[in-house]
Number of protein chains: 2
Amino acid sequence: MLAGGGGVCYAKRKRLRRRRPEDVRWGRFMEKDKVYTINDIARELGVSKTTVSRAISGKGRISRETQEKVFAFIEQHDYRPNGPARALAQSKTYNLGLVFPADYSAVDFPFFKECMNGIYETASRYEYDVVIAIADDQDFSGSRHLVENRKVDGMILSRSTVGNSAMQHYLKEKQMPFVVVGPAEEAGAASVDNQNREGCCELTGILLLKGIRRLALLGGNRRHLVTESRLQGFKDAYRVQKIPEEESMIFFDIENYTATAAAVEQILAWGADGILCMDDFIASMLIGCLQERNIRIPEDMKLASFYDNPQFEFLSPTVTSLHYNTKGLGENACLTLLRLLGEDVTEEEAVLNYQVILRESTK
Amino acid sequence: MLAGGGGVCYAKRKRLRRRRPEDVRWGRFMEKDKVYTINDIARELGVSKTTVSRAISGKGRISRETQEKVFAFIEQHDYRPNGPARALAQSKTYNLGLVFPADYSAVDFPFFKECMNGIYETASRYEYDVVIAIADDQDFSGSRHLVENRKVDGMILSRSTVGNSAMQHYLKEKQMPFVVVGPAEEAGAASVDNQNREGCCELTGILLLKGIRRLALLGGNRRHLVTESRLQGFKDAYRVQKIPEEESMIFFDIENYTATAAAVEQILAWGADGILCMDDFIASMLIGCLQERNIRIPEDMKLASFYDNPQFEFLSPTVTSLHYNTKGLGENACLTLLRLLGEDVTEEEAVLNYQVILRESTK
DNA sequence: CTGAAAGCGCTTACAG
DNA sequence: CTGAAAGCGCTTACAG
């Protein structure tokens, strides 16, 4: 509602003549819930807007007294700086871009959810907002829009794929700071990662120690770099325990039931007694597939997986899996980016450890 | 890289003296990849920036010839308007806020993912970006930040809960346009919803027609309005088929395994021959719970669910469930909001139908 | 159809 | 420690 404005509503205002100084003085456009500008504060307090700005930002010398006066006013009238104005003056939006891959499956979502939560919370703590984009290697126009229209100060790429280099290259060329979650493609690019290789090595090692003799590995999309890291970890375990790799069988790109069933066929013919799945989605397809063939888990076949998706916690049998600190991963990605942006980040990084959770499927 | 600037890098620029007109004339700060402003275009083309602005926006009269000249230049130099500057001048950010609930469980994620995709794609089509917030009824400070710092033009609340009225009330008072996904709390607030009541009525009806005599309903969080809608649909089906409600048994707030097990106890004692779950998460816990007791599905107990989460597609038994057009829901939410913002939305809304997918669990 | 000018609400070198 | 002034890159009523 406008006081004295004659029923003029917000949405229509742009059709009116431009608001003029005298209108403000006369209170013609004063709303009940006035939105203060730095000018209003300066006027009311009898100081210059330079001073107000300094009090708020804390940059430059300012007397304690003046600063407190400004703070009191701000507090009382719930003043907040106008984002776009600040962004224009500082060439800084206080926005972070978060890029999701277009092709992630529903099962990856808990990963992205956790990651997003970590990023969001951390960004908020530093007064940044996060704007999203969805992109894949063929089309990252959404991300390009964010950089070209100067809507963000930096970006977080939430999954690195083998073919992602075009986008990373682009960002580097545009001098847009970015960090990638997972191994980075572009030389010198910042990245955060949880220890996929080490974790997979540990999990594989445990399976081997449990006496599994013929272990199969069901991998996901080979273009996802995480797949490669885990493969390395798998091989590491064989090396450490001096077991020849011939006693393993490896599959990739297991992304649907058909692929799973085909792999199972071979795995059974080969005589495996254990299967390691690179993610919970594969594990869930696998369980269905094995049950169909009346193969008992863990009696006939041991099973282990990654991610430790809470959705599969209640299935029977429960699946031994590797648990990551995904939220911490997001937090660290954000902290890393904030540092690139010149923020004074003093808080400690989250520790990105992993732990193997043993359940029925490997009993 | 800067031409003639002496190895000065972008990040350090703010420590340098302010860039002056003569620097630009002398090319002192010209980067290889110059970022053009509307002023540059005007100068190069020998027109005023007013004209350039008009050519770009298409507002006001402008000669075809001039417009084409401007377009050509823009195209060639890949000019994009500076977002913050435009936002400041127009009091319009071209950002939409998307509010996620803080408490959604992993199983809800496919829902939010689909919804988000729909929103993102639609927003992009209208040149809007989407910035996220995470909020619950107790704390919506993140959303408040978005409105108070004028970072968004409108908001989409991605789930309506019973206690959500505080936030909706706040938005209304601040005159921030918003639309809620699901039934709206605040009178007169815009909302989009898929037909939960109708869908649940249909699914329930099918179960009853299949000869299930004692049907139990396992509901989710009662504070989520979707729970209420589905309950109504459930009751509708009984009414339609003139079956007394005594032949049903209803539970709410089934959010963990303990609650599920407790409900199952009662359900079995009661002698149910069918169970309808309000979401896939409940269904997955239920399957585990029933298998533990060696109760066969569908022989001993029929089962049906909602959402049709692809993650559960490969489990055995496969579960009969209701499939929604969640992405369309997001699209429509976005279209509705864009209309509230005065955008000229001509495209048609997605149709939000639902369909029952029959699977093994009700055979 | 086009342009000069004022304005959006901030920040920041510069000069007291 | 404080302020006047210029600037960030757009838009838009107004006057040709």
Side-chain angles (χ1 to χ4, degrees), chain A residues 13-24 29 34-43 45-70 74 79-94 148-151, chain B residues 13-24 29 34-43 45-70 74 79-94 148-151:
Chain A
R13 202 165 68 194
K14 67 172 152 188
R15 291 161 186 281
L16 301 175
R17 71 189 164 74
R18 176 157 285 227
R19 186 206 302 211
R20 287 166 176 172
E22 55 270 31
D23 293 327
V24 174
F29 284 84
K34 174 155 177 45
V35 174
Y36 282 88
T37 71
I38 215 168
N39 265 310
D40 301 324
I41 302 177
R43 191 176 2 87
L45 258 37
V47 297
S48 75
K49 58 180 181 175
T50 306
T51 302
V52 176
S53 175
R54 255 190 301 250
I56 293 168
S57 68
K59 292 177 196 160
R61 311 208 68 73
I62 189 148
S63 77
R64 217 177 144 55
E65 190 187 11
T66 313
Q67 186 164 37
E68 275 168 7
K69 201 165 64 177
V70 173
I74 284 176
Y79 165 82
R80 299 294 195 96
N82 179 298
R86 197 163 67 131
L88 179 58
Q90 288 194 106
S91 297
K92 186 164 184 187
T93 63
Y94 291 94
E148 280 164 7
N149 290 49
R150 270 135 295 175
K151 300 273 265 188
Chain B
R13 203 168 65 196
K14 67 171 154 189
R15 292 160 185 281
L16 301 176
R17 70 187 165 71
R18 177 159 284 230
R19 186 204 304 209
R20 287 166 177 172
E22 56 268 33
D23 291 328
V24 174
F29 285 83
K34 173 153 178 48
V35 175
Y36 282 87
T37 71
I38 215 169
N39 265 308
D40 301 325
I41 303 178
R43 190 177 359 90
L45 259 38
V47 297
S48 74
K49 57 180 181 174
T50 306
T51 301
V52 177
S53 174
R54 254 190 302 252
I56 293 168
S57 68
K59 291 178 197 160
R61 311 207 69 74
I62 189 149
S63 78
R64 219 178 141 54
E65 190 186 11
T66 313
Q67 186 164 37
E68 274 167 6
K69 199 167 61 175
V70 173
I74 284 177
Y79 166 81
R80 299 295 195 95
N82 178 298
R86 196 163 67 132
L88 179 58
Q90 288 194 105
S91 297
K92 187 163 183 190
T93 63
Y94 290 94
E148 280 163 8
N149 290 49
R150 271 135 294 175
K151 300 273 263 187

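Per chain, numbering begins at 1; letters A, B, ... match sequence-line order.
A salt bridge does not link A:Lys69 with A:Glu65: none of the charged nitrogens is closer than 4.0 Å to a carboxylate oxygen.
With distances taken from any side-chain atom of A:Ser63 to the nucleotides C:dG9, D:dT2, D:dG9, the minimum falls on D:dT2. Among the nucleotides C:dC10, D:dG9, D:dG3, the one closest to the side chain of B:Ala89 is D:dG9. Looking at the side chain of A:Ile62, the nearest of the listed nucleotides D:dT2, C:dC8, C:dT2 is D:dT2. You'll find that the side chain of A:Thr37 is closest to C:dC10, out of C:dC8, D:dC10, C:dC10. Distance from the side chain of A:Arg54 is smallest for D:dT2 among the nucleotides D:dC8, D:dT2, D:dT11. Nearest to the side chain of B:Ser48, among C:dG3, C:dA13, C:dG9, sits C:dG3.
What separates CG of A:Asn82 from C1' of C:dG7 is a distance of 13 Å, to the nearest Å. The CG-P distance, from B:Leu45 to C:dT2, rounds to 12 Å in whole Å. Put simply, CZ on A:Arg150 is 8 Å from P on D:dG9, counting in whole angstrom units. Regarding B:Ile56, its CD1 atom lies at a distance of 14 Å from the C1' atom of D:dT12, rounded to whole Å. If you take CD1 of B:Ile41 and P of C:dG3, they are 14 Å apart, rounded to a whole angstrom. If you take CZ of A:Arg43 and P of C:dC10, they are 13 Å apart, rounded to a whole angstrom. Summarising the geometry, the separation between NZ on B:Lys49 and P on C:dA6 is reported as 12 Å, rounded to the nearest angstrom. Between the CD1 atom of B:Ile38 and the P atom of D:dG9 there is a distance of 11 Å, rounded to whole Å.
When the P atom is used for both C:dA6 and C:dT2, the distance is 23 Å, rounded to whole Å. Spacing between D:dA13 and D:dG9 at atom P, rounded to whole Å, works out to 23 Å. Straight-line distance between the P atoms of C:dA5 and C:dC1: roughly 24 Å, to the nearest whole Å.
In terms of modelled atom types and a separation under 3.5 Å, the side chain of B:Thr51 and the main chain of B:Val47 share no donor-acceptor contact. Looking at B:Lys151, its side chain does come within 3.5 Å of a backbone N or O of A:Tyr94 through a donor-acceptor pair. Not one N or O on the side chain of B:Glu148 forms a donor-acceptor pair closer than 3.5 Å with the backbone of A:Arg80.
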message: Let's go through A:Tyr79 and A:Val35 carefully: what are the C-alpha distance in whole Å and the side-chain angles of both, what is the deciding distance for side-chain contact (heavy atoms from CB on, under 4.5 Å) to 0.1 Å, and is it a yes or a no?
response: CA-CA 7 Å; A:Tyr79 165 82; A:Val35 174; over 6 Å; no

query: When you look at B:Thr66 and B:Ser63, which way does the side chain to side chain donor-acceptor pair (under 3.5 Å) test go after all the steps?
result: CA-CA 5 Å; B:Thr66 313; B:Ser63 78; 2.5 Å; yes

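In terms of phosphate contacts, B:Lys59 brings a side-chain nitrogen or oxygen within less than 4.0 Å of OP1 or OP2 of D:dT12. Between B:Thr66 and C:dT2 there is a side-chain polar atom (N or O) within less than 4.0 angstrom of OP1 or OP2. Dashed line: the shortest gap from a side-chain N or O of A:Tyr79 to OP1 or OP2 of C:dC10 is under 4.0 Å.
Applying the Watson-Crick and G-U wobble criteria (two distances, each under 3.5 Å), C:dG3 pairs with D:dC14.
A:Thr50 comes within contact range of at least one nucleobase, with a heavy-atom separation under 4.0 Å.
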